[in-house]
There are 2 protein chains.
Amino acid sequence: MLKLSKLTDYAVVVLVRLGDDFALQTSGGIAAATGVPEPTVAKVLKIMTTAGLVCSQRGARGGYRLAKPLSAIPVADVITAIDGPIALTACVEHSPAICDSSALCPVKGRWDRVNSAILDALSGISLADMRPPERDALSVVPMTEASAMPSYHPAGASVSTTAFVE
Amino acid sequence: MLKLSKLTDYAVVVLVRLGDDFALQTSGGIAAATGVPEPTVAKVLKIMTTAGLVCSQRGARGGYRLAKPLSAIPVADVITAIDGPIALTACVEHSPAICDSSALCPVKGRWDRVNSAILDALSGISLADMRPPERDALSVVPMTEASAMPSYHPAGASVSTTAFVE
DNA sequence: TCATTCAGGACCAAGCCAGTCCTGTTTTGG
DNA sequence: CCAAAACAGGACTGGCTTGGTCCTGAATGA
């Protein structure tokens, strides 16, 4: 596999959107602005709140706001928040030795290096790096017909989740 | 998710085992030596053959052999062979624009950087790097009771596929 | 000619993810 | 004080993917 969950993709979209405006934004408003279904936006934001990436304000006039600037949120944090700690296989360092043949396994402990390399790569890229630099408030599509806007589907509804390039 | 499929883990085990001996090895022999179920070994080796990582010899006295040394096989190639090209999301470079709202998507084209970073990391690690250096022929468990040897289960049969560390 | 071994699918069960919904709880505003 | 707005936290289900097995066919060597 080695592919991200859709929720992670949604999370990045939602967080980047949150980064466009420091005022409190409701889940419904973000859904309208991004095209992501509202229940899904709410789900993502709840996870992000638990992870401490966003702050929430309950009650009427409540909403969400980034807990820190986009540049301080590495992609790895978003992935970890949604998918759990990044561990390509069970045989990574610090994991309990659940291999029932750790003495036999010829690659014992060797996935650590791969895992660390990926973790490093993902820790070095922040959400700010994923925001198109030329995108400013003026270029946002006017929300005159939010319900008629094209919906954002990260993987294409009728195609396989992961595109097979090359 | 961001976890490897079990088949990929098996593939590394099988390939490293193949690298221990340049003579032709049968799928059954590899299964006995590694503890991986024989049908699964066969499946993995067929995929590896198609990918060109191993050479096969059909017929009686046939078997498999590495097509190139372990040091010339990056982990990325193994993953690509089993899971298809590494593409975290559908929004990676070269993929068809199947997002039905590419104009809206605020992270359009920005997963490329993440994807490239991971690809680079995986391309820089070879199977030789995953072979325990101190493991030589003498340290191999004697195959006197191959059927009684502990089986290799990369993720632990009774636990979740990916260990949640920390 | 026969046993051995790989080739290439088809196939099925199990597990996981995505997405929705429902019921609280908190806060604002009239 | 009440009602509406908005988040909190689960439960639930349908669909998809993966894992693992098996079966038939082709090639090779004895």
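Naming: A, B, ... by sequence-line order, numbering from 1 per chain. Keep in mind that this is a model prediction, so the values were computed, not measured.
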Problem set entry | Atom pair distance, as rounded to whole Å: CG in B/Leu4 and C1' in D/dT17 | 16 Å

Problem set entry | Test applied, side chain to side chain contact (heavy atoms under 4.5 Å, CB included); reference residue, A/Leu88; option that passes from A/Asp112, A/Leu119, A/Val114 | A/Val114

Exercise. Which atoms form the tightest heavy-atom contact between A/Met48 and A/Ala81, and what is the distance?
Worked result: CE-CB, 3.8 Å

For this session: Please report, rounded to the nearest Å, how far the C1' atom of C/dA7 is from the CE atom of B/Met48.
Result: 15 Å

For this session: Whole angstrom is fine here: how far is it from CG in B/Leu24 over to P in D/dT28?
Result: 13 Å

Exercise. When the distance from CD1 of B/Ile30 to C1' of C/dT5 is rounded to whole Å, what number comes out?
Worked result: 12 Å

Can you check nucleotides 3-9 of chain D for protein contacts, nitrogen or oxygen pairs under 3.5 Å, and list what you find?
from	atom 1	to	atom 2	distance (Å)
D/dA5	N3	A/Ala60	N	3.2
D/dA6	O4'	A/Gly59	O	3.4
D/dC7	OP1	A/Ser27	N	3.3
D/dC7	OP2	A/Ser27	OG	3.1
D/dA8	OP1	A/Ser56	OG	2.5
D/dA8	OP2	A/Tyr64	OH	2.9
D/dG9	N7	A/Lys46	NZ	2.8
D/dG9	O6	A/Lys46	NZ	3.2

Exercise. Taking the side chain as C-beta and beyond, is there a heavy-atom pair between A/Val41 and A/Ser27 under 4.5 Å?
Worked result: yes

Problem set entry | Rounded interatomic separation in angstrom, taking CG from B/Asp9 and C1' from D/dG20 | 15 Å

Exercise. Do the non-hydrogen side-chain atoms of B/Asp129 and A/Arg110 ever get within less than 4.5 Å of each other?
Worked result: no

Exercise. For B/Leu18 and C/dC6, what is the distance between atoms CG and P respectively, to the nearest whole Å?
Worked result: 11 Å

Problem set entry | Any side-chain heavy-atom pair of A/Thr89 and B/Lys3 under 4.5 Å | no

For this session: Would you indicate, yes or no, if D/dG19 has its OP1 or OP2 atom less than 4.0 angstrom from a side-chain nitrogen or oxygen of B/Tyr10?
Result: no

Problem set entry | Protein-nucleotide distance (A/Lys3, atom NZ; D/dT18, atom C1'), rounded to Å | 10 Å

Problem set entry | B/Ile47 CD1 to C/dC6 P, straight-line distance once rounded to whole Å | 15 Å

Exercise. Is B/Thr40 near enough to D/dT21 that one of its side-chain N or O atoms lies under 4.0 angstrom from OP1 or OP2?
Worked result: yes

Seminar exercise, completed: Closest non-hydrogen atoms of B/Pro74 and B/Leu122, given as atom of the first, atom of the second and distance, are CB-O, 4.0 Å

Exercise. So does A/Lys43 reach the base of C/dG19 with its side chain, donor to acceptor, closer than 3.5 Å?
Worked result: yes

Exercise. Is the closest side-chain heavy-atom distance between A/Thr26 and A/Tyr64 below 4.5 Å?
Worked result: no

